[in-house]
Every structure is written in structure tokens, then in C-alpha cells.
Colleague: 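Dropping the structure in here first, questions after.
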Amino acid sequence: MGKIIFYEGRKFQGRQWECSSDCMDTFRHFNCCNSIRVSGGHWVAYEKPHYMGYQYIIGPGEYSDHHSWMGFNNCVRSCQMYAPYRGSYKMRIYNRPDMMGHTMEFMDDCPNLYDRFRYRDIYSCNIMEGFWIFYEHPNYRGRQYFLRPGEYRACGDWGCHNPMVGSFRRMRTVM
């Protein structure tokens, strides 16, 4: 069973709220989030209600301030737990919307997309197997985007406003 605890203060201080299932609006439980403990499961925390805004992929562990989970601010307004996955990984990316343009298939992590694909902008993709995380910058830095299996015909479909992808990795869970 998964469990995530949100704390209003840094270093696990102040008011706290414990969650063990998806929550589309955390506002009634806490005002801000400056630290997090995950004692079970893997989670995606979102900056805005209804699973919108910046996304933060959080695994088991302790995060004493919002920088430790690569947060841009101390605002977490919704969260989702995702199931462990042990299968294979496969995705296809495109440099144009609607699965058009140059394409490349991946089955492994890529710390620098431009070095392998020669494009920085990814406008669409097809996640065929596994969970993936896109990062705005090379070497797994910047904004994070969690992608489940399915077709994403435009970059806005995975929650971004800018098609720039610098790196990506498979979201592997250890159970």
C-alpha cells in the first residue's frame, strides 16, 4: 500500500497530511508543501488541482524541502499514485504534431536527446510500453512530465506548453 505525507514546514515540521490514494485537490488539507515523506508507492505530485501544472515524480524516501524533489515552488495541489511496472519499455517520438515528421524509437534512457535524435522539440509521441519521464533539459533536469502508455498527439497532451525535451528515462519501480 502506498503512503505519502505532506508537511507545511521544511524538514518535516508543521501541519501534515497523510494520503494513501489519488487526490485531485489537496487545498482543504494543507496550504503549502515544504517537505514530503513517501513510505510506500510511487507518486506524481502536481502544482495545481486536477492533476495540472508542474509535475514531480516522487519515489520512496524523504524530501526535506521542495528543492529535493526538483520543485519550482512549495505548491502541491493534487497527487496520484501509480502502480509498479516490471515489463518492457518502448516509445516512439516525433518532431511534429499528430505523429508526423522525423521519428525514432527508444527502449532505454536518454540523457541527451539532441545527441541521439538531432531535434530538441518533441511535438508528439506514442508510449507503447512502460511509464516514462520527459525532462525539459539534458541530464534529467528541469520540468518533469510523466507519461503513461498511449498516444500523445501534441505536447500539451502530456502537460507542457513548450515542446522542448532535453532527456528522458524509463520510470522504473523497485518493489
Colleague: Counting neighbours of CZ on R120 that are heavy atoms of other residues, nucleotides or ligands and sit closer than 6.0 Å, is the number greater than 12?
Modeller: no
Colleague: Looking only at non-hydrogen atoms, find the nearest pair between F106 and I93 and report the distance.
Modeller: CE1-CD1, 3.4 Å
Colleague: Does K3 offer a backbone N or O that forms a donor-acceptor pair with the side chain of S20 under 3.5 Å?
Modeller: no
Colleague: Do you know which of M107, E129, M128, R170 makes side chain to side chain contact (heavy atoms under 4.5 Å, CB included) with S88?
Modeller: E129
Colleague: What distance separates H66 NE2 from R10 CZ, expressed to the nearest 0.5 Å?
Modeller: 6.5 Å
Colleague: Given 3.5 Å as the limit, does a donor-acceptor pair link the side chain of T26 with the main chain of V76, or not?
Modeller: yes
Colleague: When rounded to the nearest 0.5 angstrom, what is the spacing between OH in Y51 and OH in Y46?
Modeller: 8.0 Å
Colleague: Minimum heavy-atom separation for D25 and S78, please, with both atom names.
Modeller: N-CB, 4.3 Å
Colleague: Measure the CG-OG distance between N34 and S68 for me, rounded to the nearest 0.5 Å.
Modeller: 10.0 Å
Colleague: Locate the shortest heavy-atom distance separating S124 from P97; write the atom from each residue and the value.
Modeller: OG-C, 3.8 Å
Colleague: Working to the nearest 0.5 Å, report the span between CG of D98 and CZ of R96.
Modeller: 12.0 Å
Colleague: Would you mind writing out the side-chain donor-acceptor pairs for residues 110-119 within the sub-3.5 Å range, not counting sequence neighbours?
Modeller:
from : atom 1 : to   : atom 2 : distance (Å)
N112 : OD1    : Y114 : N      : 3.2
N112 : OD1    : D115 : N      : 3.2
R116 : NH1    : D109 : O      : 3.3
R116 : NH2    : D108 : OD1    : 3.3
R118 : NH1    : Y114 : O      : 3.3
Y119 : OH     : H102 : NE2    : 2.9

Colleague: Angle class for the F30/W17 ring planes (parallel below 30°, perpendicular above 60°, tilted otherwise)?
Modeller: tilted
Colleague: Is the CZ atom of F27 crowded by more than 12 outside heavy atoms at less than 6.0 Å?
Modeller: no
Colleague: Could you tell me whether the side chain of Y123 reaches within less than 4.5 Å of the side chain of M100, counting heavy atoms only?
Modeller: no
Colleague: Does a side-chain heavy-atom distance below 4.5 Å link V38 with W69?
Modeller: no
Colleague: Between G142 and M70, which heavy-atom pair has the shortest distance, and what is it?
Modeller: O-CE, 3.6 Å
Colleague: According to the side-chain hydrogen bond (donor to acceptor under 3.5 Å, both in side chains) rule, which pairs have a member within residues 138-147, sequence neighbours left out?
Modeller: Y54-R143
Colleague: Drop me the distance from T103's OG1 to N95's CG, to the nearest 0.5 angstrom.
Modeller: 8.5 Å
Colleague: Should the ring pair W132 and Y89 be called parallel, tilted or perpendicular, given that the plane angle runs from 0 to 90° and is split at 30 and 60?
Modeller: perpendicular
Colleague: For H137 versus S167, what's the shortest heavy-atom pair and its separation?
Modeller: O-OG, 2.7 Å
Colleague: Can you say whether the rings of Y82 and H42 are parallel (under 30°), tilted (30 to 60°) or perpendicular (over 60°)?
Modeller: tilted
Colleague: Can you measure from OG (S35) to CZ (F6) and round to the nearest 0.5 angstrom?
Modeller: 11.0 Å
Colleague: Give the intermediate values and the outcome of side-chain hydrogen bond (donor to acceptor under 3.5 Å, both in side chains) for residues Y56 and E47.
Modeller: CA-CA 8 Å; Y56 309 113; E47 175 199 27; 5.7 Å; no
Colleague: Is I127 linked to V44 within one hydrophobic cluster, defined over Ile, Leu, Val, Met, Phe, Trp and Tyr using a side-chain heavy-atom separation of less than 4.5 Å?
Modeller: yes
Colleague: Give me each pair satisfying side-chain hydrogen bond (donor to acceptor under 3.5 Å, both in side chains) with a member in residues 150-159, each pair once, sequence neighbours excluded.
Modeller: E151-R153
Colleague: Return yes if some donor-acceptor pair links the side-chain N/O of Q16 with the main-chain N/O of I5 below 3.5 Å, else return no.
Modeller: no
